[in-house]
Number of protein chains: 2
Amino acid sequence: GTEFTSISVAEFFYRNRQMVGFGNPTQAVYSTIRELVENSLDACEDAKILPEINVIIRRESSDLLLIEVSDNGPGMPYQFVPEAFGKVLFGSKYGLRHKRGTFGLGVTMAVLYGQLTTNYPATIITKHGQGEANEFRLLVDIKNNTPIIEYSGPNSSHSIGTKVTLKIRGDLKRSKLRITEYLRLTSVSTPHAQITLLIDDNPPIQFGRYSKMIPTPPRISRPHPRSADIELLHHLISNNNSMTLKAFLVDTFQKCGTKTATRFLHFLSLNPNRTTESLTRDEIVRISNALRNYNGFDKPESQCLSPIGKDSLMEALNRLYPSASIKYEIRGPFEWNGHPTILEGAVVITDSTPAENPSLIRFANKVPLLYDASDDVLTLAMKRINWNRYGVDTNSQVLLFVNLCSTRIPYREAGKQSIAAIPAIQSEAELLFKTLGRAIKRESSSIRRSKRN
Amino acid sequence: GTEFTSISVAEFFYRNRQMVGFGNPTQAVYSTIRELVENSLDACEDAKILPEINVIIRRESSDLLLIEVSDNGPGMPYQFVPEAFGKVLFGSKYGLRHKRGTFGLGVTMAVLYGQLTTNYPATIITKHGQGEANEFRLLVDIKNNTPIIEYSGPNSSHSIGTKVTLKIRGDLKRSKLRITEYLRLTSVSTPHAQITLLIDDNPPIQFGRYSKMIPTPPRISRPHPRSADIELLHHLISNNNSMTLKAFLVDTFQKCGTKTATRFLHFLSLNPNRTTESLTRDEIVRISNALRNYNGFDKPESQCLSPIGKDSLMEALNRLYPSASIKYEIRGPFEWNGHPTILEGAVVITDSTPAENPSLIRFANKVPLLYDASDDVLTLAMKRINWNRYGVDTNSQVLLFVNLCSTRIPYREAGKQSIAAIPAIQSEAELLFKTLGRAIKRESSSIRRSKRN
Ligand SMILES: Nc1ncnc2c1ncn2[C@@H]1O[C@H](COP(=O)(O)OP(=O)(O)OP(=O)(O)O)[C@@H](O)[C@H]1O
Ligand SMILES: Nc1ncnc2c1ncn2[C@@H]1O[C@H](COP(=O)(O)OP(=O)(O)OP(=O)(O)O)[C@@H](O)[C@H]1O
Ligand SMILES: [Mg+2]
Ligand SMILES: [Mg+2]
């Protein structure tokens, strides 16, 4: 029949959980762990803490797993725990800056999947500020997209950070390889983090720390004029008291000082002293189109970004590939749809017999992407390069590590595994690969020269 | 800073519109058209009307397009138009049956994209039942995920069906080829539909009709026991008055008659006369696990499905490839997560010089999928077949048309372009391809024999 109704966003992602990385029992284990670990890393980063994260996986039966991730982070305010973990599209990372998390949905999906497959509530213990830690046991009310608090109370034995425990049904055997690969690559992109993996009574595996250098946390930035589509402009105008157009532009956007604002409004034949309140809809459209096309604005600022950086990335790769030849390159900041973006990469040339050559390892805001490589913009860009002309052949393995940093990563799906083919990103990626290609060429010829001598 | 907040699902898909097919100006034109055309086809199907759909694209400037799609369908109830077109996750297709639409978000994204890029509201005129047609001009309040009704009133000059008009910015030149391909393939999967494409003052292009046979509309089915995860079971129990366990099972699930229900409850050592109200949480978990593992339930019924069928598909393909050799195969109904599913396919062998061989053309619930083929389960299945042993070589082009019908298509992303690698679907697809492979082999050897004689 044709019954008109709406569903909650929790219901939507429950029905379509394959879109968020929970479509099969192998990927579900991986997704649960990566969502928890990325939350811990984001939290430690904000608080400028050297991350220490413990990942415990206990097999309670053939496919029933207990998963516990704990960190030494700053914890989180107690009044927000139920919604952060029990409501889809609720979080603290909606501002414009480089974070691993972006949607406000990751950990809630893990809680939901656990509840769905095992009926167990998630347990969250967190210590925030002074005073005792708080403990919560939560379920998700899927129909209403709201948390169900089964228990909440103080926990005096928990002394630091956040610990999340849940039970899920999953295929640990099939998932183990990718989980260890994910953690290994995390210590490449986040070398100052130390992550310990403990599976049943196996000896614990430690990943990192390769560096004690804590990166500067990214700072929320104002939007760049290039990002001002009609909706955003409407939103920015109505969010503020009425003010002069000139003051509005200088106040609201980065890279728009009083001189630039005056020139821009002159170019549009708009009186700088008119109020935002007095603008008609058509004028807003004109301003929006102009903001996105006027070439008088400088490139975006990058304090909202936090790339790995040459020293950190080289240090981590040197640990993993001690005898290899390693070169680093960086491009940007540029922008896509006004979002400040940096692309950084390193090429690692090792003596081993190559499998796929070159082999691409992708990161987005330092998050290793291990699934859905084929249609990723970085893969597409790599495939457009003629690697033969840079001397990539069957004599040595070439590994390309590429990290895309942006205030918004254009993921192709809500499972955060694959980046959409945005033209600006693809062209910058191709240029980065060509630069790395030239580095390979110089390196191989210098290796050959030194072999001859 | 760490400001905890939530965003609406409209805000989520506005920020991440590349996840719903609106990430670039070329795909946006395609997505707008396919969302509108699929809605018209779904509506005509329900009303058992031979679809007549007009797609008009008018270039108003280099990248400003007016897009108008009108149908001869049953229209829709006036009180639901604002939310259907102006609210994300609102629709009439949430019941368990085979429809092209599934999320309640497609057309709202098109409206949102139009408003975002041109500031124009969408205009919807629809005639439903007796009395005058109604006209609406709508925008989406993104922050609150609710429609903004700019105008609504009667329209006495509109006599049938639904007409949707919107303006978007897009790259028509780049999008044209894929739009015509999409419409051409739609007349393969929906041969009783007639679609006319009119771009500016070019001569109109007509797609179909190849058949006057109207398929039986799919009927909403009760869930199959295999689909009863804990959440669904909770939901089904609480949606009903308390009743005996036996009555609940027989009433709620397909393929569960009184005998099967009694045997099942006996197997679980549960008294069939206990009430659903009396069940503990642990008992619900036990029943859920058992429902999904007990092998006493028959395969799902298929009246909720509406495959293209051998006659219709052969008729359409014979029109498009008059001199080709065509064979049809069907598998199922089987189930994935309890969802009734059918896989049907046809192999077309033509004399032309092969490009990629074989070449795969994918459909999901009759919707042609033209993007993101690489990680699609159908592509993965096809790549696992050794096509040489079936005689697929450079002598003739082999085209594989495959349609996945299900009450739920496990799309990898909300843009409905690619199907997730669900194990049950992949294994059935591989078996279908092997069957089609054997058909190719028989066909090629019979062609060779007839050439010798
Ligand atoms: N270990 C933690 N320490 C501190 N805060 C946390 C931790 N885990 C989660 N949070 C808080 O809970 C919020 C919700 O987490 P969730 O993973 O659902 O969303 P997100 O990380 O913002 O985005 P994404 O969906 O992309 O992961 C976060 O925004 C963060 O504020
Ligand atoms: N041409 C039409 N004729 C009749 N009803 C329509 C038409 N177009 C849209 N509708 C109604 O509007 C609802 C919302 O459409 P929308 O495209 O947003 O969602 P959907 O088709 O249900 O799912 P999906 O997001 O997968 O397309 C539909 O469910 C349908 O009831
Ligand atoms: Mg997160
Ligand atoms: Mg639709």
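A note on names: the letters A, B, ... follow the listed sequences, proteins ahead of strands, and every chain is numbered from 1.
Proximity to chain A involves both the backbone and the side chain of B:Y94, based on heavy atoms less than 4.5 angstrom apart. Proximity to chain B (any heavy atom under 4.5 Å) is shown, for A:R281, by both the backbone and the side chain. Residue contact with chain B, scored on non-hydrogen atoms closer than 4.5 Å, involves the side chain of A:L139 exclusively. Looking at B:V9, both its backbone and its side chain come within 4.5 Å of chain A, counting heavy atoms on both sides. Proximity to chain A (any heavy atom under 4.5 Å) is restricted, for B:T117, to the backbone atoms N, CA, C and O. Using a 4.5 Å cut-off between heavy atoms, B:I419 makes no contact with chain A at all. Using a 4.5 Å cut-off between heavy atoms, B:S288 does not touch chain A at all. Only the backbone of B:A373 comes within less than 4.5 Å of a heavy atom in chain A; its side chain stays farther off. Heavy-atom distances place the side chain of A:N337, and not its backbone, under 4.5 Å from chain B.
For the pair B:E45 and B:P218, the minimum side-chain heavy-atom distance is below 4.5 Å. With contacts defined as side-chain heavy-atom distances shorter than 4.5 Å, the pair B:F22/B:F13 does not qualify. For the pair B:V88/B:L105, a side-chain contact is recorded, criterion being any heavy-atom separation below 4.5 Å from C-beta on. Inter-residue side-chain proximity for A:F4 and B:E83 is flagged as unmet; no heavy-atom pair is nearer than 4.5 Å. Two residues are said to be in side-chain contact when any heavy atoms from C-beta on lie closer than 4.5 Å; B:L236 and B:P223 meet this criterion. Proximity of A:S6 to B:K87: side-chain heavy atoms (C-beta onward) are separated by under 4.5 Å at one or more points. The shortest side-chain heavy-atom distance between A:T102 and A:K93 does not fall under the 4.5 Å cut-off. Side-chain contact check for A:I425 versus A:P410: some heavy-atom pair is nearer than 4.5 Å.
The CG atom of B:L89 lies 8.5 Å from the OG1 atom of B:T108; values are rounded to the nearest 0.5 Å.
Among the candidates A:T118, A:I409, A:N119, the residue making the largest number of heavy-atom pairs closer than 4.5 Å to chain B is A:N119. In terms of heavy-atom pairs under 4.5 Å with chain A, the best-connected choice from B:E413, B:E231, B:H234 is B:E231. The greatest number of non-hydrogen atom pairs below 4.5 Å with chain A, out of B:D229, B:I7, B:V285, is found for B:I7. Comparing A:N145, A:N24, A:I230, A:L112 by heavy-atom pairs within less than 4.5 Å of chain B, the highest count is held by A:I230. Interface remark: of the candidates B:I142, B:I284, B:I422, B:I142 forms the most heavy-atom pairs closer than 4.5 Å to chain A. Taking chain A as the reference chain and counting heavy-atom pairs below 4.5 Å, the highest number among B:P217, B:G23, B:A414 is found for B:A414. Listed options B:A421, B:G104, B:G91 were ranked by heavy-atom pairs under 4.5 angstrom with chain A; first place goes to B:G91.
Taking 4.5 Å as the heavy-atom cut-off, the residues of residues 14-21 of chain A that approach chain B are A:Y14, A:R15, A:N16, A:R17, A:Q18, A:M19, ordered by number.
The closest side-chain donor-acceptor pair between A:N365 and A:K416, if any, does not fall under 3.5 angstrom. Defined by atom type and a distance below 3.5 Å, a donor-acceptor pair is missing between the side-chain atoms of A:N289 and A:R286.
Here the side chain of A:Q115 pairs a donor or acceptor atom with the backbone of A:V140 at under 3.5 angstrom. Listed for the A:R362 side chain is a donor-acceptor partner under 3.5 Å among the backbone atoms of A:Q417.
Ion pairing of A:R412 with A:D372 is absent here, as no side-chain N (NZ or NE/NH1/NH2) approaches a carboxylate O to less than 4.0 Å.
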